[in-house]
> 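My questions all concern the structure below.
Values in this document were obtained by computation on a predicted structure and should not be read as measured data. Just so it is clear: chains get the letters A, B, ... in the order the sequence lines come, proteins before strands, and each one is counted from 1.
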Amino acid sequence: MISPNLSAIFYLISGVLFILALRGLSSPETSRQGNLFGILGMIIAVTVTFLSIGNFSSGFVFVILFILVGGTIGAFIAYKIPMTAMPELVAGFHSLVGLAAVFVAIAAFLNPTAFNLGSPGNIKLGSLIEMSIGAAVGAITFSGSIIAFLKLQGIMSGSPITFKGQHPLNAIILISIIVLIYLLCSTQSSNMFWILLIVSFLIGFLLIIPIGGADMPVVISMLNSYSGWAAAGIGFTLENTALIITGALVGSSGAILSYIMCKGMNRSFFNVILGGFGGTDEVANNSSKEQRPVKSGNADDAAFLMKNASSVIIVPGYGMAVAQAQHALREMVDTLKKNDIKVSYAIHPVAGRMPGHMNVLLAEANVPYDEVFELEEINNDFANADVAFVIGANDVTNPVAKTDPQSPIYGMPVLDVEKCKSVLFVKRSLSPGYAGIDNDLFYKENTLMLFADAKKMTEDITKNL
Amino acid sequence: MEIDPLIFRLSIFILSIFVGYYVVWSVTPSLHTPLMSVTNAISSVIIVGAIIAGLSGNSQSIFNTSSVFGFLAIALAAINIFGGFLVTQRMLAMYKKKKKEK
């Protein structure tokens, strides 16, 4: 058994190690070391908890058993999961953090003596407030992440689910959560606690269903943030520094990522939260337009264009991941490089289904990370490049965002693909992207549409090079 | 009058938000996915609360309602800790290979 002061110092150390873990991610070189700091911090926190309880009764065996069971499942998932499924995995993990926070809050509510919070029915007021906030945010994180997971997995339709009176209903539920917390604190009634949990689960569910599939990067980041605030709430209850520091770090991290994603789409956070974007009415507006001519070509034409280019910029999007074309793409690029053609990759902030998703997929396909550029870094290079190869991206290349104030995506930062001498656009059909609008790029003079599956087309081009 | 310890915890919390703000802005965008998986793993330090709950039973009754919730939370947090750190490790290893090839 170690003294509370000593264990508090160790918790502080593990909090600092967690900060270093995130700091390491500032460059790929230091990132692996950062991850080790994180693991070390976790080992310290868990060990100190055991030592500070000091009660190695038979319950200890069960603690180890449950850690091993959970750990094995976690390790198995971590090794098996394909990189394309990272968004689902992260959403799933968020739901677990949320649920764990709820369970810890329930345990603390039922047995406050074990946590030094008073006795059942007479819990310290401060602890009760912290506990109920942690539990409510945890429950919202849980049910919201489950919906995000189902939408990403395709089990639930990605289109927004809206109904009349949705926003007033959500507002009423949010207010009732505050009222319930107040009632819980004044009555200490366990019924209030259970109702609070149920209502929180419900609002998590209702908050995410109206948000469309295209906004999933924001939703995942937002739930990331929530999971942090839930952890911080529990940290206050347990008076645990490691948990408070971590909760604050994760909470602000998720908030920043949400902000970056919103900016990448030129949408305000509230606009995303209120949902309904990508509905069918916008599509109807545009389908009335007359058919415009497009130039389409085959793999042979594409290979010819690229062979005669001196620099090529690849613009990958989520479609590339769906077609599993990243390895075929890298082989094509290898062939181009052998012919002394300069190749770089341009990544839009919201390409893929979660922040940084495209970068991981390219890294998996052995693309060196110094050939991969963010929008601001590469956007000026399009004017000097010979060929832009758009594979699986759509809305993020649409010049309408710069020219048409009527367009729903007007003002969104886009890649200046149309400035290239020629554009090769791999796509299965002319159908609009997630935003539900037509892409002007399809009809440009210098665009050659390659109608095919991304993977097959890329392989065919490589053969023809 | 003594200062309530809550104020100290609140100070740590607020300062950590600022630390988080500056640290996360310095994370390179290409590592945003590993950032999310590692934040997932570290937020599962909530396992410390779960362990306290799990060990709250006495030797006569290891299982009471409170400790059962504790055990369940331990399993959930452990999935996250192991899964989160290992999948981050796996992703970061992919960023390493490229550098060697060059």
Side-chain angles (χ1 to χ4, degrees), chain A residues 18 22-23 25-26 28 31-32 35 38-39 45 49 53 57-59 63 66-67 69-71 73-75 77-78 86 90 93 96-97 99-101 103-104 106-107 110-111 114 224 227-228 231 234 238 242-246 248-250 252-253 256 355-357 359-360 363-364 368-369 374, chain B residues 6 9 12-13 16-17 19-21 23-24 26-33 35-40 42-46 48-57 59 62 65-66 69-83 85-89 91-92 94-95 98 102:
Chain A
F18 290 151
L22 300 194
R23 180 79 188 102
L25 290 171
S26 56
S31 60
R32 281 171 296 277
N35 201 34
I39 296 173
T49 310
I53 299 174
S57 65
S58 30
V63 173
F66 278 94
I67 291 182
V69 169
I73 298 172
I77 297 172
M86 276 314 289
V90 169
F93 278 173
L96 298 184
V97 178
L99 196 58
F103 283 173
V104 173
I106 294 176
L110 294 176
N111 188 0
N224 185 234
S227 71
I234 302 295
L238 305 179
L243 205 40
I244 295 177
I245 295 179
T246 315
L249 290 178
V250 178
S252 52
S253 163
I256 291 173
H357 193 191
N359 303 78
V360 170
E364 191 199 13
Y369 60 80
E374 303 300 317
Chain B
L6 176 67
R9 286 194 285 277
I12 293 172
F13 180 63
S16 302
I17 291 178
V19 172
Y21 180 85
V23 169
V24 171
S26 75
V27 171
T28 164
S30 66
L31 291 177
H32 276 162
T33 299
L35 170 69
M36 296 195 89
S37 60
V38 85
T39 50
N40 231 308
I42 64 172
S43 57
S44 299
V45 72
I46 200 157
V48 302
I51 293 173
I52 298 175
L55 289 177
S56 64
S59 44
I62 303 162
T65 334
S66 171
F69 277 111
F71 287 131
L72 291 177
I74 289 173
L76 295 179
I79 295 178
N80 251 325
I81 293 173
F82 283 77
F85 280 126
L86 288 173
V87 85
T88 311
Q89 190 93 333
M91 276 190 270
L92 295 177
M94 298 186 313
Y95 284 82
K98 329 296 116 43
K102 289 220 91 186

> Please indicate whether B:Phe13 has more than 12 foreign heavy atoms, meaning atoms of other residues, nucleotides or ligands, lying under 6.0 Å from its CZ.
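More than 12 heavy atoms, drawn from other residues, nucleotides or ligands, come within 6.0 Å of this atom.
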> Tell me, out of B:Val87, B:Thr33, B:Val19, who's got the most heavy-atom pairs with chain A below 4.5 Å.
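Between B:Val87, B:Thr33, B:Val19, the count favours B:Thr33.
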> Using non-hydrogen atoms and a 4.5 Å limit, figure out which bit of A:Val69 sits close to chain B: side chain, backbone, both or neither.
neither
> Using a 4.5 angstrom heavy-atom cutoff, name the option from B:Ile46, B:Thr65, B:Leu86 with the most pairs to chain A.
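With the most close heavy-atom pairs to chain A, the winner is B:Ile46.
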> Using non-hydrogen atoms only, which part of A:Ile39 is less than 4.5 Å away from chain B: side chain, backbone, both, or neither?
both
> Could you report the tightest heavy-atom contact between B:Ser30 and A:Glu374, atom names first, then the distance?
N-OE2, 4.0 Å
> Run the side chain to side chain donor-acceptor pair (under 3.5 Å) test against A:Thr49 and tell me which residues pass, sequence neighbours left out.
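Only A:Tyr11 meet the side chain to side chain donor-acceptor pair (under 3.5 Å) criterion with A:Thr49.
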> So what's closer than 4.5 Å to chain B heavy atoms on A:Ile245: side chain, backbone, both or neither?
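Both backbone and side chain of A:Ile245 come within 4.5 Å of chain B.
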> For the residue pair B:Ile42 and A:Phe18, what are the closest heavy atoms and their distance?
CG2-CD2, 3.4 Å
> Give the minimum heavy-atom separation between B:Asn40 and A:Val90, together with the two atoms involved.
ND2-O, 3.6 Å
> Would you mind checking which part of B:Ile81 comes under 4.5 Å of any heavy atom in chain A, side chain (CB onward), backbone (N, CA, C, O), both or neither?
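Interface part for B:Ile81: side chain.
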> Specify which of B:Ser37, B:Gly54, B:Ser44, B:Gly20 makes the most heavy-atom pairs with chain A at under 4.5 Å.
B:Gly20
> Can you tell which part of A:Ile244 gets under 4.5 Å to a heavy atom of chain B, answering side chain, backbone, both or neither?
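The answer is both parts of A:Ile244.
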> Is the backbone of B:Ser43 close enough, under 3.5 Å, to the side chain of A:Ser227 for a donor and an acceptor to pair up by distance?
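Flag not set: sc A:Ser227 to bb B:Ser43 has no pair under 3.5 Å.
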> For the side chain of B:Tyr95 and the backbone of A:Arg32, is there at least one donor-acceptor N/O pair under 3.5 Å apart?
no
> When only pairs under 4.5 Å are counted, which of A:Ile73, A:Leu110, A:Leu243 shares the most heavy-atom pairs with chain B?
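Ranked by heavy-atom pairs under 4.5 Å with chain B, first place is A:Leu243.
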> B:Ala77, B:Ser66, B:Ser16, B:Ala50: which one forms the most heavy-atom pairs within less than 4.5 Å of chain A?
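It is B:Ser66.
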> Can you list everything that forms a side chain to side chain donor-acceptor pair (under 3.5 Å) with B:Ser26? Sequence neighbours excluded, please.
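For B:Ser26 the side chain to side chain donor-acceptor pair (under 3.5 Å) partners, ignoring immediate neighbours, are A:Arg23.
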> Counting heavy-atom pairs under 4.5 Å to chain B, which of A:Val104, A:Leu249, A:Ile234 comes out on top?
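Sorted descending by pairs with chain B, the first entry is A:Val104.
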> In terms of heavy-atom proximity below 4.5 Å to chain B, should A:Ser26 be classed as side chain, backbone, both, or neither?
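Both the backbone and the side chain of A:Ser26 come within 4.5 Å of chain B.
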> For A:Ala107 and B:Ala53, work out which heavy atoms get closest and say how close.
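A:Ala107 and B:Ala53 have their closest heavy atoms at CB-CB, 3.5 Å.
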> Considering only heavy atoms and a distance below 4.5 Å, find which of B:Val45, B:Val27, B:Leu35, B:Ile12 pairs most often with chain A.
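Of the candidates given, the most pairs with chain A belong to B:Val45.
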> How far apart are the closest heavy atoms of A:Asn35 and B:Val38, and which atoms are they?
OD1-CG2, 3.5 Å
> Would you mind telling me which of A:Ile256, A:Val250, A:Thr246 has the largest number of heavy-atom pairs within less than 4.5 Å of chain B?
A:Ile256
> Can you tell me which of A:Ile77, A:Val63, A:Leu238, A:Leu99 forms the most heavy-atom pairs within a distance under 4.5 Å of chain B?
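Looking at each of A:Ile77, A:Val63, A:Leu238, A:Leu99 in turn, A:Val63 comes out on top.
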> When only pairs under 4.5 Å are counted, which of B:Val48, B:Leu72, B:Thr88 shares the most heavy-atom pairs with chain A?
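Of the options given, most contacts go to B:Val48.
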> Determine the option with the most heavy-atom pairs under 4.5 angstrom with chain B, choosing from A:Ala231, A:Pro28, A:Gly38, A:Ser253.
A:Ser253
> Any idea which heavy atoms bring A:Ser31 and A:Leu25 closest together, and the distance?
CB-CD2, 3.8 Å
